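Notes for the one structure printed next.
This structure is a prediction, so every number in the text was calculated from the model and none was measured.
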Amino acid sequence: MADNVLGIDVAKGKCDVVLMGADGKERWRTFANTGQGFEVLLRWLGKQQALPVHACLEATGTYGLALATFLHEAGQQVSVVNPACIKAFADSELTRTKTDKVDAGLIARFCKAMRPARWQPPAPELAQLQGLLRRLESLQEMAVQERNRLGGPGLSGLVRESVERTLGMLEAEMKRLRSQIDDHIESHPRLKQQRELLTTIKGVGRSTANFLLAELAGRDFQKARELAAYAGLVPQERQSGTSLRGKARLSKKGNRRLRKLLYWPAIVAIRHNPLLAAFARRLREAGKPKMVVIAAVMRKLLHLVFGVLKHQRPFDPNWTACRT
């Protein structure tokens, strides 16, 4: 366990870091978020006699992935932490000022106090799949925006032509990406096998299976509930003494992509998956609201995903029904 910790606040073009030694003294620097900047950071840590170091940064998109991978490959301990944990720690400190330097110091203190788990980068084929799917997701969002513009009132002819041309280019690129994703999975037997297992669950199609493989890349869950918690699909009780007894609700402190991804598969599963259809019917008969039922089916779907991948066996509704 490294005595020195490094809090990193990552932005698109730069990284603000705060180095905290065993004595609690903090030193702050800024480095470019580039390969050359990472080399400068490592040399600076060496000059400060701070190696090995336990580096900690928030899991906020792709901006920090390259730096986390670089430090891991350099033999340093790296933790990539849910931003909600950092926010809760800031609240515990009653932190009100928010600058890049302050945030880096906050992350360093969190790392020092909590010693979060070591991060492991996903295998190259999983990282490639994740990159392709994140790109596809971005293009899909842009295509939705263009379709919304196309349906808006008062669009002039020239503007309409421009929107249609842009939409055509986006659709062509999305088609190309989907083909590349399929080729990538087909060329890696392990990914191909896992996708085939996932698609045996009624409600999980090839596209959903692709995204599930990418979002779960490099993560090792011991229990289905851990996976549901990672997605933010576990109930969160609201009770304090005798005065506060609110309804339980989803925590939502997890991977929002997984929650978004599972909504329509849950709708399909309610209609076509006998096991989940029966589960949803029991909830409705118990008086549960529509969205509560859908969220519960999303959570149950993740449990089935966990079981299929853990046991490396196709989905069997009869086998599962005896154990849920």
Side-chain angles (χ1 to χ4, degrees), residues 56-61 64-65 68 72 77-89 110-111 113-123 126-127 129-130 133 190-191 193-195 197-201 203-204 208-239 248-263 265-266 269 273 275-276 279 283 292-316 319-324:
C56 187
L57 62 157
E58 291 181 318
T60 51
L65 180 59
H72 173 83
Q77 182 176 346
V78 180
S79 296
V80 181
V81 181
N82 189 322
C85 297
I86 304 296
K87 183 179 184 302
F89 190 79
F110 171 87
C111 186
M114 306 306 295
R115 293 295 180 179
R118 183 187 293 267
W119 173 81
Q120 294 290 338
L126 287 171
L129 176 63
Q130 191 175 75
L133 285 164
R190 174 70 171 171
L191 289 178
Q193 178 201 26
Q194 289 181 321
R195 182 170 70 175
L197 288 172
L198 289 174
T199 52
T200 62
I201 304 171
V204 177
T208 301
N210 292 345
F211 276 97
L212 283 170
L213 290 176
E215 291 305 318
L216 302 182
R219 299 185 180 276
D220 182 23
F221 300 100
Q222 300 303 311
K223 297 180 180 179
R225 182 177 175 82
E226 293 177 6
L227 173 55
Y230 171 69
L233 286 171
V234 292
Q236 183 179 46
E237 293 187 4
R238 299 176 67 240
Q239 178 178 336
R249 61 184 64 179
L250 292 181
S251 70
K252 294 187 179 180
K253 293 179 180 177
N255 188 313
R256 64 176 181 82
R257 281 190 171 88
L258 274 177
R259 293 195 300 276
K260 179 181 177 182
L261 168 69
L262 290 169
Y263 179 81
N273 187 314
L275 177 69
L276 296 180
F279 175 66
L283 293 177
V292 170
V293 173
I294 293 173
V297 172
M298 290 164 62
R299 183 168 64 252
K300 185 68 75 172
L301 260 180
L302 268 188
H303 281 228
L304 299 182
V305 166
F306 173 83
V308 162
L309 294 179
K310 178 181 179 181
H311 298 289
Q312 291 294 292
R313 294 170 61 180
F315 171 66
D316 180 352
W319 183 86
T320 309
C322 297
R323 293 160 174 79
T324 43

Side-chain donor or acceptor of Ser79 paired with backbone N/O of Cys56 under 3.5 Å: no

Gln312 side chain to Leu309 backbone, donor-acceptor under 3.5 Å: yes

Over all heavy atoms of both residues, which pair between [X] and [Y] is shortest? Give the atoms and the distance, please.
X: Leu302; Y: Ala228; value: CD1-CA, 4.1 Å
X: Val78; Y: Ala68; value: CG2-O, 3.8 Å
X: Arg195; Y: Ala209; value: CG-CB, 3.7 Å
X: Val308; Y: Pro314; value: CG2-C, 4.4 Å
X: Gln77; Y: Arg118; value: CA-NH1, 3.5 Å

Flag side-chain contact, heavy atom, 4.5 Å: [X] against [Y]:
X: Trp119; Y: His72; result: yes
X: Leu212; Y: Leu258; result: yes
X: Thr208; Y: Leu198; result: no
X: Leu304; Y: Leu276; result: yes

Atom [atom1] of [X] and atom [atom2] of [Y]: how far apart are they, to the nearest 0.5 Å?
X: Leu275; Y: Lys300; atom1: CG; atom2: NZ; answer: 7.0 Å
X: Asn210; Y: Leu129; atom1: CG; atom2: CG; answer: 6.5 Å
X: Leu301; Y: Ile294; atom1: CG; atom2: CD1; answer: 12.0 Å
X: Leu126; Y: Gln194; atom1: CG; atom2: CD; answer: 7.5 Å
X: Cys85; Y: Met114; atom1: SG; atom2: CE; answer: 8.0 Å
X: Ile201; Y: Asp316; atom1: CD1; atom2: CG; answer: 11.5 Å

Residue list, salt bridge (charged side-chain N to carboxylate O under 4.0 Å, His left out) with Lys87, at least two apart or on another chain: Asp91

side-chain contact (heavy atoms from CB on, under 4.5 Å) between Leu227 and Leu216, intermediate numbers included: CA-CA 9 Å; Leu227 173 55; Leu216 302 182; 3.5 Å; yes

Residue list, ring-ring contact (aromatic ring centres under 6.0 Å, His included) with Phe89, at least two apart or on another chain: Phe110

Test of ring centre spacing under 6.0 Å for Phe221 and Tyr230: yes

